[in-house]
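See structure below.
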Amino acid sequence: MSRRSLLVGSGKYLPARVVTNDELSSRVDTSDEWIRTRTGICQRHVADNGETCVSMAVEAARNALADAGLDASAIDLVIVGTSTPDQAFPSVAVRVLGELGTTGGYGFDVSAACSGFIYALSVADGLIRAGSARGALVIGSEVYSRILDWEDRTTSVLFGDGAGAVVLRASEPGEAERGILATHLHADGSVGDILYVDGAVGLREHSGYLRMNGREVFRHAVSKLASSVDEVLESVGLGYQDVSWLVPHQANIRIIEGVAKKLQMSMEQVVVTVDRHANTSAASIPLALDEARRDGRIRSGDLVLMEALGGGLTWGSALVRM
Ligand code: UT7
C-alpha cells in the first residue's frame, strides 16, 4: 500500500493575556450580548510585545513534538500557515527550524489566511507521499491583534492570537490504514476584496489593517464549506455517518452549526473553541484539534473532518483517520 502521512502529535500555544467582550465594550461601541449572539465569542487571547508569530510557533512545535514523543531531529520539513509573519523573510518556518536546532531539513510559509492550516497540511501530505519528507511539523501561527483596527467594531471583536501544530510522519508498511486520507483546496481571487489586509504586518509598526465585508464572507462560507465537506468525503467513498468529529475553522458558531447540520452531526461531535479563542485564523484548527486530542474526545481510529474558509477567498477540507 502507498505511503501515507500519519498524524502522531499535536501542540499549542496561547498568550496568557485574555481580553473579554466586556473589556472590548469599553473601547468600541459593542456589547458582550452582541458578540456572543452573533459569533459565539466570549473572549480571546492577545499577544504581548514579547510574543511573536515565531515565538508562538516554536512553543506550539515543541509542545507537539513532546506529544509525539519525537526529537526535533525526526523533522525534515516545517510548513507554517500564517498571514501575520513577523518579517517578510526569513520565513517563520525556517526560523522555527533554527530555534529547534534542525539543520538538515527545509521549510516555508503558506499564505492562505484562515485556510492556511488546511493548505499547509495538504502540501506537507503531498511531500510526504512523494518521499520528499519523512517527518513534518505543520503549524498555524497568527498575531491578528497586530493587523486589527482596534477602532473598528466590525472586525476587532472577532479575532485572537495563538499557534497550533501537528506532527506528521510517513507511514511504515502495514500502518497505512490511518493518516491523511484526502485534502481538497480551492481559491477564488475574484472576490478577494471582501476580506483582505490593506498593507503588510511587521514587528515594529502597523502598516495594514484587516478589512472585511462580514455578511458577504458569511454567505460564501456557508455554501462553499457545505460543498467542500461533500467533496472530500465523496473522494474517498465515505459518508456523513462515517465522520467521528468535525474540527472546523473557528470563525463564527453560526457557520460551524450550519456545517454540522449539513453533515447531520450533533454539536456533541463538533470541537468548538471559538467561545474562548475567537478566530485565530490559520491557528484555529490545530488549536481545536489539540484540545480534543488531549482531553480524550478524539481517539485513535476516529475519522476527523476539518474545513476552513478565509481571505482570498481560499477554502478547503481535510479528512484524517487518527
Ligand atoms: O475566518 C475568516 C472568515 N470570516 C468569517 O467567516 C466571518 C463571517 N462573517 C460573520 O461571522 C458575520 O457576518 C459577522 C459576525 C462579521 C457579522 O454578523 P452579522 O450577523 O452578519 O451582522 P451584520 O454585519 O449584518 O451587522 C448587523 C448590525 C449592523 O448594524 P445595522 O447596519 O443593522 O444598523 C452592524 O453595524 O450589527 C452592527 N455591528 C455591531 N454591533 C455591535 C457590527 N459589528 C458590531 C459590533 N457590535 N461589534
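Read the numbers this way: they start at 1 and go in the same order the structure lists the ligands and their atoms. Model, not experiment: these values are computed from the prediction.
There is no protein heavy atom less than 4.0 angstrom from atom 31 (P) of ligand 1. Protein non-hydrogen atoms do reach within 4.0 Å of atom 47 (N) of ligand 1.
Those atoms of ligand 1 with a heavy atom of Val157 less than 4.0 angstrom away are 48 (N). Which parts of ligand 1 touch Arg254 is read off a 4.0 Å heavy-atom cut-off, strictly below it: atoms 18 (O), 19 (P), 20 (O).
Among all protein heavy atoms, the one lying closest to atom 4 (N) of ligand 1 is Val217 CG1, 3.5 Å. For atom 38 (C) of ligand 1, the nearest protein heavy atom (residue, atom name, distance) is Arg153 NH2, 3.8 Å. Looking at atom 25 (O) of ligand 1, its nearest protein heavy atom turns out to be Arg215 NE, 2.6 Å. Ranking protein heavy atoms by distance to atom 44 (N) of ligand 1, first place goes to Trp34 CH2, 3.3 Å. Of the protein's heavy atoms, Asn279 ND2, 2.7 Å lies nearest to atom 1 (O) of ligand 1.
Taking a 4.0 Å cut-off on heavy atoms, Leu195 registers as neighbouring ligand 1. Under a 4.0 Å heavy-atom criterion, Val28 is not in contact with ligand 1.
For atom 6 (O) of ligand 1, the nearest non-hydrogen atom from the set Ile35, Ile255, Asn252, Thr155 comes from Ile255.
Pairing each heavy atom of Ser228 with each of Gly316, the nearest pair is OG-C, 3.5 Å. Taking every heavy atom of both residues into account, Gly164 and Pro286 meet most closely at C-CB, 3.5 Å.
Contact check for Arg297 versus Trp245: side-chain heavy atoms found under the 4.5 Å cut-off.
Note: Leu7 CG to Arg321 CZ = 13.5 Å, rounded to the nearest 0.5 Å.
Two different hydrophobic clusters hold Val270 and Val247 under the rule that ILVMFWY side chains link at heavy-atom gaps under 4.5 Å.
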